[in-house]
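What follows is a short report on a single structure.
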Amino acid sequence: MDFELDSSRPATGIPPIDFRALLNDEQFAAVTAPAGPLLVLAGAGSGKTRTLTYRVAYLLAQGVRPGEILLLTFTNKAAKEMLHRVQDLTGIEPQRFWGGTFHSLGHRALRIYGETIGLPRNFTILDADESESLLKQAVESEDRLFFKDKTNPRPGPLFSVLSLARNTQLPVNETVTKNFPQYAEISHRFPAFAAAYEKRKRTQNVVDYDDLLELWLKLLCEAPEVAQYFAHRFRHVLVDEYQDTNTIQAQIVDRLAGHHCVMAVGDDAQCIYSWRGANFENIMSFPERHEGTVIHRIETNYRSTPEILNFANGVLLAQPKGRHFDKELRAARGHAQKPFVVQTMDDREQAEFILKRIRALTEDEGVSANEIAILYRSHFLALEIQLALSRAGMPYHITSGVKFFERQHVRDLVALLRFVYNPSDSQAWQRIAILLPKIGEKGAQKIYDAATDHARLLSKDFLDVLPSDDVKSKVAKDARPDWENFCVSLTQVAEAMRSSKPDATVEVAIDGWYGDYLKGAFADYPERLDELKALVGFASRFEEMQDLLAQIVLLNGETSDRQVDPDAEAIKLTTVHQAKGLEYDVVFLIGAADGQLPTRRSIEAGDVEEERRLFYVAVTRAKNELYISYPKVASRAGPGGMLLTPSRFLQELPTDLYEVLRIKRSFGW
């Protein structure tokens, strides 16, 4: 269907735009493409946002009214940015469009038409805490003892399980098997909990965040007159970051684009959010679901050097045939050095190498610290880097969370170790005691006081009297089933402290009561367990527990008390997931070893393709220099075992795409 100017429409009133002069050939072809199903494959750094913005401006210039354009994005920030750019180009205000996130537009649609599917117009939306609270009530109405077993998921993790199942539209047991294996034995209980939760929401006339998508899709499927209205109202549907859509979002787009005037913009090579529900098949099957789809490729990259793009293209070429769209990034910049691959002896040497190189970049080569990023697959890989930067007094921001020793589960375990080492440390006691059910700060203090008095009366150690009836009588009723295991675990840690080195003691602490608590407390339990195992590796440096505990406190003091000015220059530390969409002059990708990137779990599952896409996203963040490093020996007891091999994503690349940088050591290899 070609564009036709409707002579019955008023003049557009927008200033003339020279699209030909403002866009490259690939962008111009996509922006001015005839209406129809369009899939725009926009490679990294190719001007995706620019293309989408100018597409909206072009539609307006062709006489399409603002209210006839639907722009779907994943963040309100992205929608505002694009629509304000459109305003700069055309003078048309953002509020005249339907533009925003899937969830915000779903809310808008339900507020207007929800009554047609039985949703009263005065419904209210639960926030995350309220959703979890209502789920807790629903579960306890089915089984009042469910949350008393600490290995069962608490309301937050359980909500995460059900939410992912809803967004992927997969059975709960399948979702658990793939994403939450720690709950496999009880997953058969979850459908009844989900049903009870749904019933309570409907009774109370409330919806949660996921309902904004689910009920919008229901509206489009079960209210034909509403679906027809939307299909006729929106002559053009534009979707940003299409590769990140989940199953429900893709179905919403398919329903809205019944007239085939849809433009999906994305990059299959950057689909890295399956853990959030993103479905890789959505972009791959788009041409089959939308007959007559025309594919446009935008492959001119304005970000990186040709050498970095050659490396990135090598990663793309290694993808399995037929499981991706062919594309080749082409550089708009001049030649520079190849990416460097660096093997280090261990994590500490990896950190030392990066620190030394950063000093040279910032002090001798004029590179701003703001333009240097250290990327990693998992948080635990960044521990040594954080230690090295802190000791060197080099400011850094962690853009994907908090510093390693400030992470909640790490602080919990350290508090447990501190208390066992020194039972007079009431602050450490408070932190671990309130993890027990129905024990708050006052309750924890009562137990502590009772145990202190009892130990003094009997001339016994604090830990020895904890299991006694006199102390147990002060324990909240809901916490008593846990109490024996809690006391036994503390005693086992104490015995390990007396007979073993700190690393073995940390292992005992992880394997005991706290490990069980961790399983129920966090949906991302496997990742957090990996981080605690990294603490075992850190502990192996020390001969005495007091030295380990002192060093942790000193490190926290060095980093926590010195707040980095958000506007000051600082190196960026971030997971690859959080770095997507960003760019830096210099990128260090650490932990590029099998078991780390790709992760051990992805290798064991026989599914490493999303990990390969993560690797691709990581290397395409670099503009001028790229360093990819990996340790030869992993931290003791850390994930992946002792000896590591280079990532398979490195091994499958032609060696002429990078240079091997060898570290000179006075002690040799």
Side-chain angles (χ1 to χ4, degrees), residues 101-149 152-180 182-224 226-227 245-252 254-255 275-279 520 523:
T101 65
F102 280 88
H103 291 87
S104 67
L105 295 179
H107 170 246
R108 190 170 173 180
L110 289 170
R111 193 64 73 182
I112 301 171
Y113 300 108
E115 288 178 321
T116 62
I117 55 170
L119 182 66
R121 187 166 294 189
N122 66 335
F123 69 86
T124 51
I125 306 173
L126 300 174
D127 64 22
D129 289 341
E130 292 166 339
S131 298
E132 291 173 15
S133 177
L134 190 63
L135 175 62
K136 181 176 185 291
Q137 295 170 24
V139 171
E140 289 177 338
S141 71
E142 296 287 310
D143 179 357
R144 63 184 181 84
L145 300 177
F146 181 79
F147 292 121
K148 297 195 183 297
D149 185 338
N152 288 345
R154 283 159 179 72
L158 179 58
F159 188 86
S160 295
V161 174
L162 300 182
S163 176
L164 186 60
R166 293 166 68 188
N167 281 285
T168 56
Q169 296 197 308
L170 292 174
V172 173
N173 64 329
E174 190 174 328
T175 302
V176 169
T177 300
K178 185 175 181 181
N179 300 96
F180 308 96
Q182 68 268 30
Y183 305 137
E185 292 182 3
I186 56 169
S187 62
H188 63 282
R189 310 276 313 276
F190 295 174
F193 296 157
Y197 173 60
E198 287 300 313
K199 185 177 180 181
R200 283 183 177 247
K201 284 189 296 179
R202 298 291 81 84
T203 300
Q204 298 181 21
N205 190 27
V206 295
V207 301
D208 62 23
Y209 196 60
D210 295 327
D211 282 321
L212 299 177
L213 295 185
E214 282 191 305
L215 296 178
W216 189 13
L217 179 59
K218 182 178 181 181
L219 186 66
L220 295 172
C221 293
E222 298 183 8
V226 176
T245 54
N246 63 34
T247 301
I248 296 179
Q249 289 163 334
Q251 291 180 4
I252 288 171
D254 289 351
R255 291 275 173 176
W275 52 281
R276 288 184 188 168
N279 187 347

(Q) Please determine whether side-chain contact (heavy atoms from CB on, under 4.5 Å) holds for the pair Leu162 and Leu135, giving the CA-CA distance in whole Å, both sets of side-chain angles, and the decisive distance to 0.1 Å. (A) CA-CA 10 Å; Leu162 300 182; Leu135 175 62; 4.0 Å; yes
Q: Hey, could you give me the NZ/CD distance between Lys148 and Glu140, rounded to the nearest 0.5 Å?
A: 7.0 Å
Q.
What I'd like to find out is whether the side chain of Leu217 reaches to under 4.5 Å of the side chain of Glu214, using heavy atoms alone.
A. no
Q: Measure the CD1-CZ distance between Ile248 and Phe102 for me, rounded to the nearest 0.5 Å.
A: 11.0 Å
Q) If you draw the axis of the six-membered ring of Phe159, does the NZ or CZ of Arg154 fall within 45° of it and under 6.0 Å from the ring centre? A) no
Q | side-chain contact (heavy atoms from CB on, under 4.5 Å) between Leu110 and Val207, intermediate numbers included | A | CA-CA 11 Å; Leu110 289 170; Val207 301; 5.9 Å; no
Q: List the atom of Pro157, the atom of Tyr183, and the distance in Å for their closest heavy-atom pair.
A: CB-OH, 3.6 Å
Q: Take Arg202 and Glu198 through the test salt bridge (Lys or Arg N to Asp or Glu O under 4.0 Å) and record every step on the way to the result.
A: CA-CA 6 Å; Arg202 298 291 81 84; Glu198 287 300 313; 3.3 Å; yes
Q) Where do Pro120 and Gly118 come nearest, in terms of heavy atoms and distance? A) CD-O, 3.3 Å
Q.
Nearest 0.5 Å, please: how far is OG1 in Thr124 from NZ in Lys201?
A. 12.0 Å
(Q) Side chains of Leu134 and Gln137, heavy atoms from C-beta outward: is any pair under 4.5 Å? (A) yes
Q: Return the minimal non-hydrogen interatomic distance between Ser141 and Arg200, and the atom names on each side.
A: CB-NH2, 3.5 Å
Q: Return yes if some donor-acceptor pair links the side-chain N/O of Thr203 with the main-chain N/O of Lys199 below 3.5 Å, else return no.
A: yes
Q) Can you tell me how far CZ of Phe123 sits from CD of Gln204, rounded to the nearest 0.5 angstrom? A) 15.0 Å
(Q) Determine whether Leu215 and Lys218 satisfy the following criterion, side-chain contact (heavy atoms from CB on, under 4.5 Å), listing intermediate values before the conclusion. (A) CA-CA 5 Å; Leu215 296 178; Lys218 182 178 181 181; 4.2 Å; yes
Q | Sub-4.5 Å side-chain heavy-atom contact between Tyr197 and Asp208 | A | yes
Q) Do Gln182 side-chain atoms and Ala523 backbone N/O form a donor-acceptor pair below 3.5 Å? A) yes
Q.
For a quick test of reading the model, state the closest non-hydrogen atom pair linking Leu126 to Ser131 and the distance between them.
A. CB-OG, 3.4 Å
(Q) Quick one: does any side-chain atom of Glu130 pair with a main-chain N or O of Asp127 as donor and acceptor, under 3.5 Å? (A) yes
Q. Would you say Ile186 and Asp149 make side-chain contact, with heavy atoms under 4.5 Å?
A. no
**Q.** Separation between NE2 of His107 and CG of Leu105, rounded to the nearest 0.5 Å
**A.** 11.0 Å
Q: With side-chain contact (heavy atoms from CB on, under 4.5 Å) as the test, would you mind laying out the steps for Thr177 and Glu174 before giving the verdict?
A: CA-CA 5 Å; Thr177 300; Glu174 190 174 328; 5.7 Å; no
Q: For Ser133 and Asp129, indicate whether the former's side chain and the latter's backbone hold a donor-acceptor pair under 3.5 Å.
A: no
(Q) Against Leu170, only a single residue in Leu164, Asn279, Thr175 fulfils side-chain contact (heavy atoms from CB on, under 4.5 Å); can you say which? (A) Thr175
(Q) Minimum heavy-atom separation for Glu142 and Ala192, please, with both atom names. (A) OE1-CB, 4.2 Å
Q.
Testing the basics here: between Ser163 and Asp210, what is the closest heavy-atom pair and its distance to 0.1 Å?
A. OG-OD2, 2.6 Å
Q) In Å and rounded to the nearest 0.5 Å, what is the CG to CG distance from Leu219 to Leu119? A) 9.5 Å
